[in-house]
Number of protein chains: 2
Amino acid sequence: MAISEAEAVVMDVLWREAPRTAEEILAEVGPAQAWQEGTVKSLLNRLLKKKAVHAERDGRRYLYTPLLTREQYVQQESKGLLDRLFGGRVAPLVAHFSEQRKLSKKDIAELRKLLQELDDEQR
Amino acid sequence: MAISEAEAVVMDVLWREAPRTAEEILAEVGPAQAWQEGTVKSLLNRLLKKKAVHAERDGRRYLYTPLLTREQYVQQESKGLLDRLFGGRVAPLVAHFSEQRKLSKKDIAELRKLLQELDDEQR
DNA sequence: CACGAACAATTACGCGTGTAAACATCAAAT
DNA sequence: ATTTGATGTTTACACGCGTAATTGTTCGTG
């Protein structure tokens, strides 16, 4: 089962640093999300059920560690979008952003560099 | 309100050709999705409610036309992903696929061409 | 040892979604 | 005019999600 958007917010905290307690997660996410303690606990429990995090008892509380890596998550999400909208091919996606003028100077420079590296690797 | 994945399947049919009747939509989508007539009707009604399609009476049935364009939809979806996962920047996204070896030769060629065109446009 | 504070687990609830059955309508055929 | 077939509309229902209140558990302290 896929992890939801709210759950991803929690994962994000754990990806930045782990292990963490529920309280620490709330502290980091609270301001932006205005969540209650209970909300974070629920999300953590759902993530546990989905095997996306691991919980280790530490005295009276738990320390949570991600099992699903950010790479894996990003992979799933972006592959999904790519397949659904761009026939699984990357170039049309970039072309789309290009048409929308969403490529910054920096993007362009980095893309150029990336292609250069692929080129170097090649020979 | 955003349009859901099942709804997007229906939109896809209409984006390929419109206007269409519910029956035609089912015929095109049925094999792949194994949906019943009622399912398609429900989806069409929800799309109507969301103002994503328009229905025009034609005798005893309706002809459905998309109001939301594919461009708009792709725009929303991909911007969402980009913002959530790559800080809104395109280059990191491409880098991601590159690391995953998901760039085909064709992708690379097309990206190169794209950058070339951006370059030409510049001067 | 009993109690309260700190945590976690369970339960709840409204909403959107996927899927469809049930119901309504209306034109065509008998 | 009545029935029937084609269509659309309404209602349904289980499930995941966002959000949280409620309940359970356990440790430290009086």
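To find a chain, count down the sequence lines: A is the first, B the second, and so on, and within it residues start at 1. Predicted model, so just to flag it, every value in this text is computed and none were measured.
- V10(B) and L63(B) fall into different hydrophobic clusters, where Ile, Leu, Val, Met, Phe, Trp and Tyr side chains are chained together by heavy-atom contacts under 4.5 Å.
- In the helix from dC1(C)-dG30(D) to dT30(C)-dA1(D), the end axes, each obtained as the rotation axis mapping the C1' atoms of four pairs onto the next four within a five-pair block, lie 40° apart to the nearest 10 degrees.
- Rounded to an integer number of Å, the gap from CZ of R60(B) to P of dA24(C) is 20 Å.
- The residue among G38(A) and E7(A) whose nearest nucleotide of DNA chain D is located toward the 5' end is E7(A).
- The distance between atom CD of E5(B) and atom P of dC17(D), rounded to the nearest whole Å, is 13 Å.
- Not one side-chain nitrogen or oxygen of W35(A) sits closer than 4.0 Å to the OP1 or OP2 atom of dG18(D).
- Closest to the M1(B) side chain, of the nucleotides dG16(C), dG18(C), dA8(C), is dG16(C).
- Checked by distance alone, R46(B) brings a side-chain donor or acceptor within 3.5 Å of a matching partner on the base of dG18(C).
- In this entry the distance linking CG of L43(A) with C1' of dG18(D) reads 8 Å, nearest Å.
- Not one side-chain nitrogen or oxygen of S42(B) sits closer than 4.0 Å to the OP1 or OP2 atom of dT19(C).
- Between S104(B) and D107(B), the side chains place a donor N or O and an acceptor N or O closer than 3.5 Å (distance only, hydrogens not considered).
- Considering only the side chain of T39(A), dA20(D) comes nearest among dT10(D), dA20(D), dG8(D).
- For L26(A) and dA8(C), the CG to P distance is 11 Å, given to the nearest whole Å.
- For the residue pair V40(B) and A22(B), the shortest heavy atom distance occurs at CG1-O, 4.1 Å.
- Counting to the nearest Å, the P atom of dT23(D) and the CG atom of N45(A) are 18 Å from each other.
- For the pair R61(A) CZ and dT26(D) C1', the computed distance is 14 Å after rounding to whole Å.
- Contact between L26(A) and W35(A) at its shortest, heavy atoms only, is CD1-O, 3.4 Å.
- Under the 4.5 Å side-chain heavy-atom criterion for grouping Ile, Leu, Val, Met, Phe, Trp and Tyr, L67(B) is not connected to L48(B) through any hydrophobic cluster.
- Sequence order on DNA chain D of the closest nucleotides to A2(A) and E23(B) puts E23(B) first from the 5' end.
- The heavy-atom pair separating P19(A) from E24(A) by the smallest distance is O-OE1, 4.3 Å.
- Distance CD (E37(A)) to P (dT10(C)): 17 Å, rounded to an integer number of Å.
- With sequence neighbours left out, Q36(A) forms a side-chain hydrogen bond (donor to acceptor under 3.5 Å, both in side chains) with no residue at all.
- Residue K50(A) places at least one side-chain N or O closer than 4.0 Å to OP1 or OP2 of dC17(D).
- K41(B) has its NZ atom 9 Å from the P atom of dT9(D), to the nearest Å.
- Within the 4.0 Å cut-off from OP1 or OP2 of dG18(D), at least one side-chain nitrogen or oxygen of S4(A) is found.
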